[in-house]
Amino acid sequence: YPLVTGVQTCALPISSPMKHFAILLAMAIGSGPAYSAAAQNTKGKSQSTQQAKQELDAAQKKLTDASRELTKAEAEVQKADAGHQAALAKVQKARQTASVTIGAKLGLPGAIAQRDAAQRAIDAAQKALSKEVRAQSDYLEAAKEAEKASARLSEVREDTKLSEEKKKELVAELSKTIRHPVEIERERIEADANLKQLRLAAAEAGKQAAAIQTEVQKSVEDDSAVKAALAATKDDADKAKKAREDVEKQKKDVIAAQKQVVSETQQYQKATTAANAASTKSKKGAANSPQLLNQK
């Protein structure tokens with residue numbers, strides 16, 4: 001190659017391979033650090049994405065575990081409630097057994113039988129007296145008048161020519177006539193001496209039965225079997241209460257885990273978006289580098 005003196009430079013032909021090499025070397029030196037920084041940035045974003053994914057997986061696992069524990073706690077509540085109901089049934093059965101035993105000792109069955117017999121005697125006597133009263137002439141007359149009054153009452157209510165005041169007056173009179181047979185029967189029954197005696201006897205029998213029942217109920221609560229059943233009921237009630245408290249705690253844990261999953265999901269999405277953006281930018285930088293352009 002000719003050497004041009006005086007300029008102190010070495011002029012090479014335009015097609016010289018050494019010129020191309022110098023140009024490429026200069027481009028490589030100039031663009032190398034920027035391209036390396038982009039690659040490092042892409043790598044950093046990828047690591048952030050991996051970490052965010054790990055944290056999201058951990059949050060999802062925590063939610064799964066919390067949900068599983070909640071399911072177990074709810075099952076325990078059902079079990080505790082079933083046990084409590086069974087204990088209550090035992091209390092009821094113990095009370096019934098004690099009531100029969102204690103009642104028999106205190107004469108309750110006999111007192112109840114006397115009370116019921118007295119009431120049946122009242123019913124029978126009252127039925128017989130009602131039949132007798134309804135056959136009497138004054139009752140029969142009152143019944144006929146009541147029937148007429150009933151028919152007249154319908155006419156009065158539908159009569160538009162009557163004033164409201166007159167209509168109210170007639171309705172009151174007719175209603176009284178309609179009630180008259182019933183009042184005759186009631187008055188005769190209340191005044192009957194035999195029924196009065198039967199009512200007194202029934203009241204006394206009922207009073208005796210009630211007194212014994214009260215004593216039986218007090219004694220039943222002091223029965224050893226009943227007390228033991230009640231104690232078991234309290235224990236089961238405490239278990240059911242604790243089980244429900246555990247359920248509430250597990251529900252709170254699930255809610256907290258759900259919130260954590262939502263938060264970690266958002267962080268993961270942000271990291272993924274940032275990593276994708278960095279990767280795209282890195283690829284564009286590599287595509288526009290002087291080396292690739294020169295090769296093109």
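Because only heavy atoms are used, hydrogens play no part in the values below, and waters and symmetry mates are left out as well, while side chains stay in. Just so you know, residue 1 is the first one in the sequence shown, and it goes up from there.
The main-chain N or O of Gln126 is found under 3.5 Å from a side-chain atom of Ser130 such that the two form a donor-acceptor pair. For the pair Ser150 (side chain) and Ala146 (backbone), a donor-acceptor distance under 3.5 Å is absent. At least one donor-acceptor pair under 3.5 Å links the side chain of Thr49 to the backbone N or O of Ala271.
Counting all heavy atoms, side chain and backbone alike, Val91 lies closest to Thr233 at CG2-OG1, 3.1 Å. Residue Pro109 comes nearest to Ala104 through the heavy atom pair CD-CA, 4.1 Å, listed as atom of the first residue, atom of the second, then distance. Closest of all the heavy-atom pairs between Ile178 and Ala149 is CG1-CB, 3.7 Å. Looking at every heavy atom in both residues, Asp236 comes nearest to Ala87 through OD2-CB, 3.2 Å. Residue Ile189 comes nearest to Leu129 through the heavy atom pair CA-CD2, 3.6 Å, listed as atom of the first residue, atom of the second, then distance. The two atoms that bring Ala202 and Gln119 nearest to each other are CB-N, 4.4 Å, heavy atoms only.
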Using side chain to side chain contact (heavy atoms under 4.5 Å, CB included), reason through Glu145 and Lys148 one step at a time and then give a plain yes or no.
CA-CA 5 Å; Glu145 293 298 325; Lys148 292 178 181 179; 4.2 Å; yes
Could you walk me through whether Gln54 and Gln50 satisfy the side-chain hydrogen bond (donor to acceptor under 3.5 Å, both in side chains) test, starting with their C-alpha distance in whole Å, then the side-chain angles of each, then the deciding distance to 0.1 Å, before giving a yes or no?
CA-CA 6 Å; Gln54 291 174 355; Gln50 292 177 358; 5.7 Å; no
Evaluation steps, side chain to side chain contact (heavy atoms under 4.5 Å, CB included), between Leu56 and Gln267:
CA-CA 8 Å; Leu56 174 58; Gln267 294 299 321; over 6 Å; no
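Residues Val226 and Leu88 do not share a hydrophobic cluster, clusters being chains of Ile/Leu/Val/Met/Phe/Trp/Tyr side chains in contact below 4.5 Å.
Using a 4.5 Å heavy-atom cutoff, the side chains of Gln47 and Gln51 are not in contact. Within the 4.5 Å cutoff, the side chain of Gln269 has heavy atoms near those of the Thr265 side chain. Residues Glu173 and Leu170 are in side-chain contact: their nearest non-hydrogen atoms beyond the backbone lie under 4.5 Å apart. Considering only heavy atoms from C-beta on, Ile112 comes within 4.5 Å of Arg115 through its side chain. Between Gln213 and Leu108 there is a side-chain heavy-atom pair separated by less than 4.5 Å.
Under a 4.0 Å N-O distance rule, the pair Glu190/Arg186 qualifies as a salt bridge. Classification of Asp123 and Arg120 as a salt-bridged pair fails, no side-chain N sitting under 4.0 Å from a carboxylate O. Ionic pairing of Arg244 and Asp81 is present here: one or more N-O contacts between side-chain nitrogen and carboxylate oxygen are shorter than 4.0 angstrom. For the pair Lys242 and Asp246, the salt-bridge criterion is met [side-chain N within less than 4.0 Å of a carboxylate O]. Contact check on Lys207 versus Glu204 returns no salt bridge, with no Lys/Arg side-chain nitrogen under 4.0 Å from an Asp/Glu carboxylate oxygen. The pair Lys168-Glu165 does not count as a salt bridge, with every side-chain nitrogen at least 4.0 angstrom from each carboxylate oxygen.
Here the NZ-CG distance, from Lys167 to Leu162, works out to 6.5 Å after rounding to the nearest 0.5 Å. Expressed to the nearest 0.5 Å, how far OG1 of Thr101 lies from CG of Asp223 amounts to 8.0 Å. Distance NZ/Lys196 to CD1/Ile122: 13.5 Å, rounded to 0.5 Å. Interatomic distance, CG of Asp253 versus OG of Ser67, reported as 10.0 Å (0.5 Å rounding). Asp159 contributes atom CG, which lies 8.5 Å from atom CD of Glu155 (distance to the nearest 0.5 angstrom). For the atom pair CD1 (Ile255) and CG (Leu63), the distance works out to 11.0 Å, reported to the nearest 0.5 Å.
Crowding of Lys90 atom NZ: a count of heavy atoms from other residues, nucleotides or ligands under 6.0 Å not exceeding 12. More than 12 non-hydrogen atoms from other residues, nucleotides or ligands lie less than 6.0 angstrom from CD of Glu221.
Considering Glu185, Glu141, Arg188 as possible partners of Gln136, the one that fulfils the side-chain hydrogen bond (donor to acceptor under 3.5 Å, both in side chains) test is Arg188.
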